Amino acid sequence: MNSMNPSQSQPVKHERPLSGLRVIDMSRLAPGPYCTMLLADLGAEVICVGGGRAGNPLSTFARGKQFMKLDLKAPEGRQALQALAQSADVFVESFRPGVSERLGAGYEALAKLNPGLIYCSVTGYGQDGPMAQDAGHDISYLALTGVLGALGPTDGPPTVPLNLIADFAGGSCMAAFSIMSALFERSKTGQGKYIDVAMIDGAMSLMAMHYPVWGTPILPTRGEGLLNGGNPYYCCYACKDGKYISVGALETQFFHNLWQRLVGTVVPDHMNVVNWPMIRATFQEKFMERSRDEWSTFFQGTEACVVPVLAPDEIWSHPHIRHRHPNAHAQQVPVLPRFDQQSYSAPETDIEDRTDVILGELGLSREQIDKACPLAERNRIPSRSWPPAIIDTPA
């Protein structure tokens with residue numbers, strides 16, 4: 001019998017589940033690189049191909065990957081990329097539609113060389129449609145899909161939820177899910193697949209619970225309703241120390257526990273909207289009586305769904321986070337998911353240029369390698385980095 005405590009997180013020693021999978025990553029910015037980091041975390045060999053005007057992928061998502069550069073304007077650079085694709089299981093790119101084809105790295109060209117290749121394009125608006133060639137960012141995709149229009153207060157502009165929804169949930173995670181689905185199908189058919197991941201599509205899928213109730217009492221408009229801040233028992237309150245506490249007491253038993261613990265009077269009908277102004281005013285007054293951390297201790301274990309709102313630099317010292325992920329920190333988020341009640345340790349990060357090694361292993365000669373990645377390409381200064389340099393002093 002396994003005597004291990006299921007709540008304990010210990011590094012797994014055996015081979016990772018995606019060991020033996022080779023991924024060629026030509027994506028840039030955030031969604032593609034985060035997707036391939038998820039694959040690398042679980043053992044996939046991820047080779048990031050940088051170079052050209054687009055520069056290199058963001059180093060934030062570099063762990064577990066190998067990095068190289070190619071000059072795809074040169075025939076030798078394209079030939080080297082095609083050789084890489086022939087050796088790969090998965091190819092990921094995030095250029096605007098048509099760019100990969102012009103670089104000799106489109107799906108049709110690579111699939112002829114490797115019929116089993118899973119080819120994933122990650123873009124904002126998708127491969128077709130009137131806006132397919134338009135520039136955009138996470139905020140653009142949220143705006144177009146109605147997500148942004150549902151976030152924020154009634155008396156102000158929509159609130160931007162970082163770039164978590166379209167970039168990472170609708171883009172990266174949907175791409176990783178799609179890639180694994182295509183690999184499973186390939187295990188049965190032997191055939192590769194082209195995957196068109198559009199962040200607007202992912203954002204729309206994430207709204208499956210919310211589109212149908214828009215304009216109803218559940219979600220009447222921005223800032224009003226059950227789940228977007230209009231509900232006094234599903235929102236945040238300021239505390240005595242200026243910090244915030246979150247309340248998520250949606251279900252009857254949770255609201256009863258919250259009210260009785262915090263107020264101690266007859267519990268009102270929390271599902272009657274008429275009572276909401278009174279409930280909100282009561283909570284606002286009560287939560288100002290103590291500090292955030294005092295309230296956190298006060299409600300611990302009470303089944304009231306009251307949790308402190310932690311700043312990003314506070315979470316690493318929280319007992320629960322520290323217990324689940326003792327080795328995680330701001331520069332190293334946990335490897336997910338956990339398997340058999342255990343987690344994998346984060347792979348090492350090595351951003352050294354491995355162009356010579358990777359192309360040499362494919363059988364290219366020294367002359368071919370130098371033409372595929374000339375000195376000018378190797379010394380090119382990246383056009384972007386993270387975090388960017390923000391100037392906060394007067395000009």
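For the numbers below, each heavy atom of this structure counts, side chains included, while hydrogens, waters and symmetry mates do not. What you see is a predicted model; the values in this text were computed from it and never measured.
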So which residues get pulled into Val274's cluster when ILVMFWY side chains under 4.5 Å apart are joined, directly or through others?
->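 Val274 clusters with nothing; isolated.
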Show the numbers, then the answer: is there a side chain to side chain contact (heavy atoms under 4.5 Å, CB included) between Glu45 and Leu21?
-> CA-CA 6 Å; Glu45 178 192 18; Leu21 185 76; over 6 Å; no
Would Asp293 and Ser291 count as having a side-chain donor-acceptor pair, cut-off 3.5 Å?
->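 Per modelled atom types, Asp293 and Ser291 side chains form no pair under 3.5 Å.
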Please check if [X] and [Y] belong to a single hydrophobic cluster, counting links between Ile, Leu, Val, Met, Phe, Trp and Tyr side chain heavy atoms closer than 4.5 Å.
{"X": "Leu364", "Y": "Val357", "result": "no"}
{"X": "Phe168", "Y": "Leu142", "result": "no"}
{"X": "Leu227", "Y": "Ile245", "result": "yes"}
{"X": "Met271", "Y": "Val263", "result": "yes"}
{"X": "Ile315", "Y": "Leu336", "result": "no"}

So does [X] pair up with [Y], basic N to acidic O under 4.0 Å?
{"X": "Asp155", "Y": "Arg222", "result": "no"}
{"X": "Asp356", "Y": "Arg366", "result": "yes"}
{"X": "Arg63", "Y": "Asp41", "result": "yes"}

Please check if the number of heavy atoms outside [X] that lie under 6.0 Å from its [atom1] is greater than 12.
{"X": "Tyr244", "atom1": "OH", "result": "no"}
{"X": "Phe177", "atom1": "CZ", "result": "no"}
{"X": "Leu250", "atom1": "CG", "result": "yes"}
{"X": "His256", "atom1": "NE2", "result": "yes"}
{"X": "Leu362", "atom1": "CG", "result": "yes"}

Any heavy-atom pair between the side chains of [Y] and [X] that's under 4.5 Å?
{"X": "Pro337", "Y": "Leu42", "result": "yes"}
{"X": "Arg96", "Y": "Gln133", "result": "yes"}
{"X": "Thr123", "Y": "Ser94", "result": "no"}
{"X": "Val49", "Y": "Ile24", "result": "yes"}
{"X": "Arg22", "Y": "Val90", "result": "no"}
{"X": "Thr60", "Y": "Gln331", "result": "no"}
{"X": "Met68", "Y": "Cys48", "result": "no"}

Pairwise ring-ring contact (aromatic ring centres under 6.0 Å, His included) hits with a residue in residues 72-94, at least two apart =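 For residues 72-94: Phe91-Tyr119.
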Kindly indicate whether a cation-pi arrangement holds for Arg28 with Phe95, taking the cut-offs as under 6.0 Å to the six-membered ring centre and within 45° of the axis.
-> no
Should the pair Arg354 and Phe67 be classed as cation-pi, given the thresholds of under 6.0 Å to the six-membered ring centre and 45° from the axis?
->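 Geometry flag: not set, cation outside 6.0 Å or 45°.
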[X] side-chain N/O to [Y] backbone N/O, donor-acceptor pair under 3.5 Å:
{"X": "Asn257", "Y": "Gln253", "result": "yes"}
{"X": "His325", "Y": "Asn327", "result": "no"}
{"X": "Trp316", "Y": "Ile321", "result": "no"}
{"X": "Asn275", "Y": "Asp269", "result": "yes"}
{"X": "Glu285", "Y": "Thr282", "result": "no"}
{"X": "Arg378", "Y": "Cys373", "result": "yes"}
{"X": "His137", "Y": "Ile139", "result": "no"}
{"X": "Asn228", "Y": "Leu151", "result": "no"}
{"X": "Arg280", "Y": "Tyr233", "result": "no"}
{"X": "Arg186", "Y": "Gln191", "result": "no"}

Thr36 and Lys65: side-chain hydrogen bond (donor to acceptor under 3.5 Å, both in side chains), yes or no, with the steps?
-> CA-CA 9 Å; Thr36 56; Lys65 301 180 181 181; 2.7 Å; yes
Which atom pairs, donor and acceptor, lie under 3.5 Å between side-chain atoms of residues 105-115 and protein residues at least two apart or in another chain?
| unit_1 | atom_1 | unit_2 | atom_2 | d |
| --- | --- | --- | --- | --- |
| Asn114 | OD1 | Gly116 | N | 3.3 |
| Asn114 | ND2 | Ala85 | O | 2.9 |
| Asn114 | ND2 | Ala88 | O | 2.8 |

Ring pair (Phe, Tyr, Trp, His ring centres under 6.0 Å) with His270: which of Phe255, Tyr234, Phe254?
-> Phe255
Just distance, no hydrogens or angles: give the donor-acceptor pairs under 3.5 Å from side chains in residues 200-221, sequence neighbours left out.
| unit_1 | atom_1 | unit_2 | atom_2 | d |
| --- | --- | --- | --- | --- |
| Tyr211 | OH | Thr145 | O | 2.5 |
| Thr216 | OG1 | Val213 | O | 2.6 |
| Thr216 | OG1 | Ile218 | N | 3.2 |

To the nearest 0.5 Å, tell me how far Lys69 NZ sits from Leu359 CG.
->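 Lys69 atom NZ to Leu359 atom CG measures 13.5 Å (nearest 0.5 Å).
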Euclidean distance, Leu183 CG relative to Ser178 OG, rounded to 0.5 Å =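 Rounded to the nearest 0.5 Å, the OG-CG separation comes to 11.0 Å.
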Test side chain to side chain contact (heavy atoms under 4.5 Å, CB included) applied to Gln79 and Leu70, step by step = CA-CA 10 Å; Gln79 291 167 7; Leu70 290 175; over 6 Å; no
So Tyr237 and Phe287, would you call those rings parallel, tilted or perpendicular, with 30° and 60° as cut-offs?
-> parallel
side-chain hydrogen bond (donor to acceptor under 3.5 Å, both in side chains) between Glu224 and Thr154: does it pass, once the steps are laid out?
-> CA-CA 7 Å; Glu224 295 182 8; Thr154 55; 4.9 Å; no
What are the two closest non-hydrogen atoms of Ile195 and Ala182, and how far apart are they?
-> CD1-CB, 3.9 Å
Tell me, with the steps shown, if Ile358 and Gln66 meet side chain to side chain contact (heavy atoms under 4.5 Å, CB included).
-> CA-CA 9 Å; Ile358 294 170; Gln66 301 178 69; 3.9 Å; yes
For a quick test of your reading: what N or O donor-acceptor pairs under 3.5 Å do the side chains of residues 302-309 make, sequence neighbours left out?
| unit_1 | atom_1 | unit_2 | atom_2 | d |
| --- | --- | --- | --- | --- |
| Thr302 | OG1 | Phe299 | O | 2.6 |

Do Tyr125 and Tyr141 make the cut of ring centroids closer than 6.0 angstrom?
->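 So the answer is yes for these two rings.
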Centroid-to-centroid, Trp276 to Phe283, below 6.0 Å?
->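 That pair fails the under 6.0 Å test.
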Taking salt bridge (charged side-chain N to carboxylate O under 4.0 Å, His left out) as the test, write out the residues that go with Lys286, two or more places apart.
->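 With sequence neighbours excluded, Lys286 shows a salt bridge (charged side-chain N to carboxylate O under 4.0 Å, His left out) to Glu289, given in chain and number order.
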Which residue, Asp241, Leu262, Val247, forms the side chain to side chain contact (heavy atoms under 4.5 Å, CB included) with Trp295?
->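 Of the listed options, the one satisfying the test is Leu262.
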May I have the step-by-step check of side chain to side chain contact (heavy atoms under 4.5 Å, CB included) for Glu93 and Ser27, ending in yes or no?
-> CA-CA 4 Å; Glu93 63 89 18; Ser27 64; 5.7 Å; no
